[in-house]
Amino acid sequence: MPEPTAAPVPLPETAPPPGNTTGTGTAAPPGGPVTGTLRGLGVGPGRAAGRVFRMAGPPPLPAPVRGRDPDRERREALRALAAVASELEARAAAASDPAASAILEAQSFIAADPGLLESVEGNVAAGMDAAHAVDAACAGHREALLAAGGLIAERAADLDDIRNRAVAEVLGLPVPGVPDPGHPFVLVADDLAPADTAGLDTGTVLALVTERGGPTSHTAILARALGLPAVVSCPGATRIGEGTWVSVDGTTGEVRTGIGEEEAAEIRRRATADRRRRAASGGPGRTADGHPVELLLNIGSAADLRPEVEAEGVGLFRTEFLFLDRREAPGFDEQVAAYEEVFRAFPGGKVVVRTLDAGSDKPLPFLGAGREPNPALGVRGLRVARGRPAVLDTQLDAIAEAARRRGVEPWVMAPMVSTVAEADDFAARARARGITRVGAMIEVPAAALRADRLLERLDFLSLGTNDLSQYAFAADRQHGELADLLDPWQPGLLRLVSECARAGREAGKPVGVCGEAAADPLLAPVLVGLGVTSLSMSAPSVAPVRDALALRSLERCRNDARTALEADDPAWARRAVAANGPS
């Protein structure tokens, strides 16, 4: 059997990711260029080939200068941060993808955070020049975010980008940006900032490869939204020689060097043919022998719905996008209008609404929640209703009213359900408002282990594999050094999925997957083989997953599921299933 892929090379937490100065790239890091096949985590399905160009490093700091006018340095530092906040806000407004817009808007708020500005002023008062004051303030706040742990630590990467942009602004250096070699290329970086990923020209950037990041990082989320092949947590990627021809497989996670221009052209030709074939295909999801599998969309609002994508409904409507960055909760009427807009798009189809998933990486000011030592293990999701039940009740009222106005039957589920008692309480609240299809997100191992009892109270389950991985393996979703533990091919995670699917089969009730695992064309048939009845994903992933299912019989899916469950590590599972091929 193939040997397992090595775990990602550990990187120091204190080292910021590279900045992004404009140009054609940067010299390879010390140690010489790497050759052969590199392996990481495939997070954006598809194949691409082209020459490598790397993001440049962060703008270097000159030697500290003492004795400058502190008022001038303070004004210059604050001006630079204000310019960065304004630029990020403008990019958020211009972003066509709602997920990208939300990420950029949140980053602009960080750049304008009063606490960060106060730290900068304190550093200037202590004798620092503007550039060093910004650098030190961002470093201090970065460490605080990392210390908070959980998904809050994800914001540390945002601060790195803000630092790089603000320091460049102070020093009059080019603002960080993507290389522009004048032809299509494969973009390689240590990590990518949201502002860079959101603004990528997919006509020029063929694929993304990063040394850091995980399956739920900003790079992964935005790559899937853009439909770009992408590999993250790929050790050695930044040591690929500039201009080297490589092939990138965003499904298997392989980055192969040493190919020639002719082979690269053939890979691109096949990838283009695949995209055209998928664009022409459609219809409901089913295996080669006709076993039905619902293919659904993950959305944050009606703006995410694309008419050209043939999906059978919505498997995850993330309602928290309506609540983010609000000083006051959205009122009943505003919520009704937002939910009604999504219901209108699928008048006869399935729309699964997830109630507010607040807390952890999505703190909401209007909730008045205090600082938690470990937000990922604190008051998040359904647990918010313990102290603020009116927030959940108003949301359920609004969902019920929007459904009534559109004449549809919504599916409503709660996030972070951990116990049977929590499921009981949520089901009672929802059904009291006339909502008849009530379910739960399975993100906590305790809930997965009690799936049979939950389904005695509920009508369906939906597995959020991103958080389920985090909690099952005690590994922070944003910790780059632990990305291998968060690989959705981990046999331990698949065992939990299998247990939930078995419970659904015995209860005669649907069990779906709405985490990123559902978007992997190689893994999707395995999930179906485990007994999952629906798969929900971002729009660009629907066609590749539909194609993958259509090539495999249900028996082949079940065989592949057994192969993956019997594996000892995710790399072996992935390669063994890929070697089986479709039936």
Side-chain angles (χ1 to χ4, degrees), residues 5 39-48 207-208 213-217 219-234 248-255 274 278 285 287 293-298 311 315-316 462-469 477 483-491 493-494 496-498 501 512-530 532 534-552 556-557 560-561 563-565 567 569-582:
T5 301
R39 291 186 174 87
L41 296 180
V43 296
R47 293 189 68 195
L208 304 176
T216 60
S217 65
T219 299
I221 292 169
L222 296 177
R224 281 187 287 267
L226 294 169
L228 282 174
V231 176
V232 300
S233 191
C234 185
V248 178
D249 192 324
T251 300
T252 64
E254 290 190 346
V255 179
D274 285 345
R278 288 165 181 162
T287 60
V293 183
E294 285 185 307
L295 300 183
L296 309 168
L297 295 174
N298 292 345
L316 175 60
S462 184
L463 288 112
T465 51
N466 306 343
D467 268 324
L468 188 56
S469 293
R477 281 171 54 177
D484 58 312
L485 295 176
L486 298 166
D487 190 329
W489 283 84
Q490 281 284 1
L493 173 67
L494 296 180
L496 291 174
V497 174
S498 177
V513 171
C514 63
E516 297 302 334
D520 181 343
L522 187 61
L523 183 54
V526 171
L527 298 175
V528 171
L530 293 174
V532 166
S534 68
L535 301 166
S536 189
M537 64 208 75
S538 59
S541 300
V542 173
V545 169
R546 179 188 285 117
D547 281 359
L549 292 174
L551 291 172
R552 293 163 172 83
R556 167 57 68 190
C557 293
D560 287 346
T563 297
L565 283 175
D569 65 80
W572 188 94
R574 181 185 283 107
R575 290 203 292 272
V577 169
N580 285 345

Measure the [atom1]-[atom2] distance between [X] and [Y] for me, rounded to the nearest 0.5 Å.
X: Glu516; Y: Asn298; atom1: CD; atom2: CG; answer: 7.0 Å
X: Leu522; Y: Thr252; atom1: CG; atom2: OG1; answer: 8.5 Å
X: Arg552; Y: Asp547; atom1: CZ; atom2: CG; answer: 10.5 Å
X: Leu486; Y: Asp467; atom1: CG; atom2: CG; answer: 10.0 Å
X: Thr465; Y: Leu496; atom1: OG1; atom2: CG; answer: 11.5 Å

Ser536 side chain to Leu297 backbone, donor-acceptor under 3.5 Å: yes
Return the set of residues passing side-chain contact (heavy atoms from CB on, under 4.5 Å) with [X] (not counting sequence neighbours), or none when no residue passes.
X: Glu294; result: Leu296, Glu312, Lys350, Ser534
X: Pro570; result: Asp487, Trp489, Gln490, Pro491
X: Ala524; result: Leu535, Val545

Using every non-hydrogen atom in the two residues, find where Gly529 and Ala561 come nearest and quote the distance to one decimal. C-CB, 3.7 Å
Compare every heavy atom of Gly40 with every heavy atom of Val231, then report the nearest pair and how far apart it is. CG1-CA, 3.8 Å
Can you confirm whether Cys557 sits close enough to Thr287 that some side-chain heavy atom of one is under 4.5 Å from a side-chain heavy atom of the other? yes
Could I get the full list of side-chain hydrogen bond (donor to acceptor under 3.5 Å, both in side chains) partners for Thr251, not counting sequence neighbours? none
As a quick check of understanding, evaluate side-chain contact (heavy atoms from CB on, under 4.5 Å) for Arg556 and Asn580, giving each step before the final call. CA-CA 9 Å; Arg556 167 57 68 190; Asn580 285 345; 3.8 Å; yes
Can you name the residues that form a salt bridge (Lys or Arg N to Asp or Glu O under 4.0 Å) with Asp520, not counting sequence neighbours? none
Salt bridge (Lys or Arg N to Asp or Glu O under 4.0 Å) partners of Asp249, counting only residues at least two apart: none
Before giving the answer on side-chain contact (heavy atoms from CB on, under 4.5 Å), spell out for Leu565 and Leu530 the whole-Å C-alpha distance, their side-chain angles and the decisive distance to 0.1 Å. CA-CA 9 Å; Leu565 283 175; Leu530 293 174; 3.6 Å; yes
